Amino acid sequence: VPIMRSELTGTIFSVQRLSCHDGQGWRTLVFLKGCPLRCQWCANPESWVQTPQLAFNSSRCIGLSECRRCIDVCPEQAITPIEPDGLITVDWSRCRHCSECATACPSQALHLFGRTVTVDELLASIEEDSLFFARSDGGVTLGGGEPLLQPAFAGALLAACRKRGLHTAVETCGAVPWANIEPVLPFVDQLLFDIKSADPDRYRQYTGVSNERLLNNLNRLPRAFPRTQVIVRTPVIPGFNDTETDIAAIIDLIRPLSTVSDYELLPYHRFGTPKYEYLGIPYRLSSLTPPTAERFAELQKLVNSRFYTHRQTEPASAEIRHSL
Ligand code: SF4
Ligand code: SF4
């Protein structure tokens with residue numbers, strides 16, 4: 001069976017060990033590269049493209065008086081000096097992401113986001129923390145980007161984790177073909193499913209794609225995978241989905257689904273914005289600030305009354321009706 005093959009490769013951009021977020025217990029978070037969405041608020045723009053890509057952090061450059069290595073090695077003449085500053089600039093339209101300059105750069109001002117790894121390599125590094133996993137019922141969470149864009153790799157990795165008794169979780173935007181979900185879900189204990197808006201037009205306007213596919217996928221989950229716990233999550237973005245009407249519409253979609261155990265709101269944050277600069281991508285929400293504590297608390301109150309209260313009284317079989 002190809003999905004079990006440990007030599008399968010995937011492209012990842014980050015591994016975070018000993019995290020207590022994104023699933024139960026102590027976890028290793030593996031971030032896979034490639035995403036079908038282009039959310040304007042995205043905190044991981046380095047995840048969008050599936051192949052490794054160059055980034056330039058100008059604050060780390062030691063300056064042209066000390067070093068011109070990147071200019072000398074670039075085969076595309078994509079790097080040029082900015083003489084008055086004594087620094088360099090990257091012409092992103094010429095860059096082929098070959099990584100020659102990143103290898104030559106002594107200060108890691110130029111570096112690559114993303115690398116290709118085999119299931120076995122990744123597993124070996126995950127297993128270094130097995131003691132923590134065992135003590136906390138923790139495990140591995142695949143995020144991104146969209147991990148289900150690499151279903152063979154994700155499935156093989158999670159199957160291997162399962163075999164070793166680790167708890168497995170996947171964070172998804174859901175906007176992938178069902179054929180990408182089906183082979184992976186048998187190895188997933190917990191699915192963290194993002195719904196950013198129930199409104200089709202607004203969803204498309206801010207993410208670039210329709211929400212139709214992800215809502216269809218979500219509705220198929222309880223019957224197809226009754227043992228996979230689903231936690232729905234919404235990033236609260238001021239001006240996009242931070243009203244009671246927005247959140248109530250999402251709750252009404254998910255409340256009837258029996259495998260949806262929780263609904264979590266996550267406040268918008270700006271920690272990812274420097275990465276836009278490193279990648280030469282304009283950040284379109286530069287004047288946006290995170291939701292206030294009061295606004296967030298009001299929305300949380302709505303979740304408590306409209307989602308959790310009803311969950312206790314709703315018959316468990318209701319999802320069958322609604323998911324058809
Ligand atoms: S990654 Fe390659 S093409 Fe791009 S700037 Fe560096 S050396 Fe030039
Ligand atoms: S190789 Fe690195 S440190 Fe040297 S000039 Fe280029 S970016 Fe700056």
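Since the structure is predicted, the reported quantities are computational estimates derived from the model, not experimental observations.
Between Glu100 and Arg69, no side-chain nitrogen of the basic residue sits less than 4.0 Å from a carboxylate oxygen of the acidic one, so the salt-bridge criterion is not met. Under 4.0 Å is where a charged nitrogen must lie from a carboxylate oxygen, and between Lys301 and Glu298 no such pair does.
Of the possible donor and acceptor atoms, none in the side chain of Ser261 sits under 3.5 Å from a partner among the backbone N and O of Gln229. At least one donor-acceptor pair under 3.5 Å links the side chain of Asn241 to the backbone N or O of Lys196. Side chain of Thr234 to main chain of Val236: no donor-acceptor pair is present (N/O by atom type, distance under 3.5 Å, no hydrogens or angles). For Ser99 (side chain) and Ala102 (main-chain N/O), no donor-acceptor pair under 3.5 Å exists by modelled atom type. Using modelled atom types, no side-chain atom of Lys275 and backbone atom of Asn44 make a donor-acceptor pair closer than 3.5 Å. The closest donor-acceptor contact from the side chain of Arg96 to the backbone of Pro75 lies at 3.5 Å or more, if one exists at all. Between the side chain of Thr168 and the main chain of Asp189, a donor-acceptor pair closer than 3.5 Å is present. A donor-acceptor contact shorter than 3.5 Å is absent between the side chain of Asp252 and the backbone of Ala249. The closest donor-acceptor contact from the side chain of Ser305 to the backbone of Leu302 lies under 3.5 Å. Judged purely by atom type and a 3.5 angstrom limit, Tyr308 uses its side chain to pair as donor or acceptor with the backbone of Tyr263.
The two residues Ala109 and His111 make their nearest non-hydrogen contact at O-ND1, 3.7 Å. Pairing each heavy atom of Arg223 with each of Pro226, the nearest pair is O-CD, 3.6 Å. The two residues Val184 and Asn180 make their nearest non-hydrogen contact at CG2-O, 3.5 Å.
At a threshold of 4.5 Å between non-hydrogen side-chain atoms, the residues His167 and Asp137 do not count as touching. Side-chain contact between Arg164 and Leu123 is present, with at least one heavy-atom pair separated by less than 4.5 Å. Residues Leu214 and Asp194 fail the side-chain proximity criterion, which asks for heavy atoms closer than 4.5 Å. Residues Cys101 and Val73 are in side-chain contact: their nearest non-hydrogen atoms beyond the backbone lie under 4.5 Å apart. Two residues are said to be in side-chain contact when any heavy atoms from C-beta on lie closer than 4.5 Å; Asp91 and Gln77 fail this criterion. Side-chain contact check for Val49 versus Phe113: every heavy-atom pair is 4.5 Å or farther apart. Considering only heavy atoms from C-beta on, Val209 comes within 4.5 Å of Tyr203 through its side chain. Val260 places none of its side-chain heavy atoms less than 4.5 Å from the side chain of Leu221.
Atoms CD and CZ, from Gln300 and Phe307 in turn, are 11.0 Å apart once rounded to the nearest 0.5 Å. Going from atom SG of Cys42 over to atom CH2 of Trp48 covers 5.5 Å, rounded to the nearest 0.5 Å. Distance check: Asn217 CG to Glu182 CD gives 10.0 Å after rounding to the nearest 0.5 Å. Once rounded to the nearest 0.5 Å, the distance linking CZ of Arg270 with OH of Tyr283 reads 5.5 Å. Once rounded to the nearest 0.5 Å, the distance linking OG1 of Thr11 with CD of Gln150 reads 5.0 Å. In this structure, SG on Cys105 lies 8.5 Å from CZ on Arg60, to the nearest 0.5 angstrom.
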Item to check | Val90/Leu110 under side chain to side chain contact (heavy atoms under 4.5 Å, CB included): CA gap, chis, key distance, verdict | outcome: CA-CA 10 Å; Val90 179; Leu110 289 158; 4.1 Å; yes
Next on the checklist: Determine whether Val15 and Thr28 satisfy the following criterion, side chain to side chain contact (heavy atoms under 4.5 Å, CB included), listing intermediate values before the conclusion.
Outcome noted: CA-CA 7 Å; Val15 175; Thr28 294; 3.7 Å; yes
Next on the checklist: Determine whether Arg27 and Thr141 satisfy the following criterion, side chain to side chain donor-acceptor pair (under 3.5 Å), listing intermediate values before the conclusion.
Outcome noted: CA-CA 7 Å; Arg27 311 193 70 79; Thr141 301; 2.6 Å; yes
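Aromatic ring orientation, His97 versus Trp92: parallel (interplanar angle below 30°, classes split at 30° and 60°).
By the neighbour-count criterion of 12 heavy atoms within 6.0 Å, atom CD of Glu277 is sparsely surrounded, having that number or fewer from other residues, nucleotides or ligands. The neighbour count for Arg233 CZ, taken as heavy atoms of other residues, nucleotides or ligands under 6.0 Å away, is above 12. Annotation for Glu212: atom CD does not count as buried by contact number, only 12 or fewer foreign heavy atoms lying within 6.0 Å. Within 6.0 Å of CZ in Arg284 there are 12 or fewer heavy atoms belonging to other residues, nucleotides or ligands. The neighbour count for Glu264 CD, taken as heavy atoms of other residues, nucleotides or ligands under 6.0 Å away, is above 12.
Put simply, Trp178 and Ile195 are part of the same group of oily side chains (I, L, V, M, F, W, Y) that touch within less than 4.5 Å, one to the next. Both Val232 and Leu37 belong to a single network of hydrophobic side chains, linked directly or stepwise wherever heavy atoms of I, L, V, M, F, W or Y lie under 4.5 Å apart.
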